[in-house]
Amino acid sequence: MTDKPEKWLLKLYVAGASPKSITAFQNIKAICEQNVPGQYEIEVIDLVKNPRLAADDQIIALPALVRRLPEPIRKIIGDLSNTERVLVGLNMKRLETT
Amino acid sequence: MSSAENFAPPSAVPSIDKCPTGIRGLDDITSGGLPHGRPTLVCGNAGCGKTILAMEFLVNGARDGEPGVFMSFEEKSEELVQNFASLGFDLAQLQEDKKLAIDYIHIERSEIEETGEYDLDGLFIRLNHAIDSIGAKRVVLDTVEALFSGFTNTSILRAELRRLFRWLKDKGVTAIITGERGGSQLTRHGLEEYVADCVILLDMRVDQQVATRRLRVVKYRGTIHGGDEYPFLIGAGGISILPITSLGLDHPVSTERFSTGIERLDTMFSGQGLFRGSTVLISGNAGSGKSSIASRIVEAACQRGERCLYFAFEESPAQITRNMRSVGVDLGPPADAGLLTFCASRPSGQGLEMHLVKIHERVLETKPSIVVFDPVSNLTAVGNPYEAKIMLTRLIDFLKTQGISAVMTDLTHGANGVESSTEEISSLIDTWLCLRDLESNGERNRGLYILKSRGMSHSNQIREFVLSSDGIDLVDVYLDSDGILTGTARRAHEARQRIEAVSQRQDRERRQREIDAQQAGLDARMAALRVEQTRLTAELEAMQAEAQLRQSGETDLRATVAASRKADAGTGS
């Protein structure tokens with residue numbers, strides 16, 4: 001564990017502006033603001049507009065959040081309403097303790 | 001056993017649209033193919049051929065102008081391309097031609113964390129994209145059940161699957177969804193609940209160390225389908241299914257006859273030989289000359305320019321060719337000319353179904369006019385008698401519908417050349433030639449007779465059947481007090497007959513000469529009598545002349561005397 005601020009690169013795959021998509025985006029934004037402010041970047045990918053991109057991260061379920069950085073890649077699906085599980089899934093929790 | 005075709009309703013109401021699979025036999029069973037624009041569930045255990053059936057459906061569709069999408073949950077695209085290359089499918093080329101799209105969906109349970117509500121829109125979007133990118137009409141999901149291992153929330157999953165199948169229907173694509181067989185249900189996760197239109201079950205069973213795959217249409221809404229289990233084979237060209245019941249007894253028959261190539265044998269069949277498209281059984285003990293007759297029939301057909309197919313279950317083609325040369329039948333030239341095709345295989349090498357499928361394939365491939373099975377009894381020895389009979393029925397039916405004549409040799413062991421295993425198939429065959437060993441006077445000879453021949457008058461005589469380097473010939477046998485005479489006894493009998501004929505001729509000539517001599521004697525006597533008669537006639541004439549002369553002399557004398565006595569006239573003496 002280092003104190004060097006890590007860069008969080010997240011990809012949020014959604015299908016248009018569905019309620020689930022919006023909820024998911026709001027949830028992840030809030031979680032990031034709270035846990036890794038200023039260190040994160042969220043790329044929202046609308047598969048309705050770019051269906052081709054779904055194959056890259058093997059996306060089946062939506063909404064899906066993919067942690068590209070830090071390595072390794074992790075995937076979380078759902079509207080990210082369970083903050084605790086998102087933090088575990090992204091392994092973001094340890095930052096709280098530091 | 002009902003025939004799907006025979007029982008088709010005669011109504012004019014249009015039945016549901018069918019999407020032909022192009023898989024040999026499957027379209028017969030389903031009366032035209034899978035339900036068009038609807039999903040079909042194909043389920044079975046691992047290794048049953050689900051993926052192959054699904055892929056063949058797409059490849060055949062691609063060939064007929066219906067592009068397809070293959071969504072694989074198990075194998076990667078490259079793996080599929082490699083695996084199907086062995087079946088002769090060039091998936092890479094089809095992908096390049098935009099006739100096929102393969103999308104590999106990888107689900108790794110450990111990578112996925114679930115938090116809150118989600119749906120499978122990602123799958124829908126990918127599928128939709130794949131379908132639209134090539135204008136697909138056919139879709140395969142292989143196997144969608146893999147999703148159950150990837151997601152823990154089965155209630156969401158089930159709802160999404162239901163939505164997926166409805167979506168596929170709305171999309172108007174004909175889809176195959178494959179599923180693993182599980183316990184009491186058709187599929188492990190009860191997919192049959194969602195796909196209600198058509199369910200096909202694949203199965204593989206091992207019986208007597210021979211594995212046979214079978215297919216059954218469990219359910220097909222809105223259509224009449226064969227409900228039996230149909231064996232199928234995965235061969236070089238993909239899947240071949242043999243629908244037993246699609247064959248009716250309504251095949252056309254031919255009145256055309258063909259020569260057996262043995263003149264005297266043709267004579268026995270009212271001089272014209274056998275019916276084209278008929279089934280001929282040649283039964284006999286070992287060494288009775290079954291193969292020789294079959295080979296001669298083949299040789300004669302090839303000399304007429306017909307194609308023949310020879311299934312050898314006992315000898316190799318080279319061995320048959322060599323052996324037949326010794327009886328004046330040369331199968332080499334027709335084989336070289338491509339008219340005669342040999343197919344040699346060990347009957348025990350595979351199950352009956354496999355044999356049947358392979359025979360089908362070879363027959364359809366070579367389109368022969370005559371097919372030989374030498375010997376068919378080896379084939380029937382593979383399975384149990386009941387299966388063997390069914391198999392032969394199907395084989396004969398198939399050949400009849402194709403108008404192909406079949407020549408089957410049958411090895412028997414009984415003393416009279418007929419045994420029970422043969423009798424089981426006897427009702428199926430049209431012409432039955434029996435070859436018998438005739439043992440007498442310390443030698444064995446070959447006898448041949450026609451046990452039956454449907455639809456033609458035929459000889460009831462036993463003929464001796466002679467194999468020599470000049471070829472095959474039939475000769476008459478003789479009956480005497482000891483029974484029928486063949487071989488040496490026949491030749492001795494023939495010699496005796498020749499001697500008798502000579503002595504009879506000599507008798508006749510002697511008698512002729514005697515008669516001639518008698519006639520000559522009679523003639524001589526008649527000539528002598530005629531001379532005598534002439535003499536008597538002359539004597540009679542002389543006598544009459546003298547009498548007349550004497551009378552007229554006396555009258556003159558009396559007149560002279562009277563005149564001299566001046567007697568009254570009228571006074572007699």
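In this text, all values refer to a predicted model and were calculated from it rather than measured experimentally. In what follows, every heavy atom counts, from backbone to side chain, and hydrogens, waters and symmetry copies are set aside. Naming: A, B, ... by sequence-line order, numbering from 1 per chain.
The heavy-atom pair separating B/T187 from B/C43 by the smallest distance is CG2-CB, 3.5 Å. Here the shortest heavy-atom pairing between A/G16 and A/S21 reads O-OG, 3.0 Å.
In this structure, chain B has no heavy atom under 4.5 Å from any part of A/V66. There is no contact between B/F124 and chain A, counting heavy-atom distances below 4.5 Å. Heavy atoms closer than 4.5 Å to chain A are found nowhere in B/L127, neither backbone nor side chain.
Between the side chain of B/R188 and the backbone N or O of B/E145 there is no donor-acceptor pair closer than 3.5 Å.
Side-chain contact, A/Q58 with B/Y104: no donor N or O sits under 3.5 Å from an acceptor N or O. Inspection of the B/N83 and B/E75 side chains reveals an N or O donor paired with an N or O acceptor under 3.5 Å.
Between chain B and the options A/N82, A/D79, A/L47, the largest number of non-hydrogen pairs under 4.5 Å is found for A/D79. When each of A/T83, A/N27, A/L80 is scored by its heavy-atom pairs under 4.5 Å with chain B, the top score falls to A/L80. Between chain B and the residues A/G89, A/A64, A/A54, the most heavy-atom pairs under 4.5 angstrom are made by A/A54.
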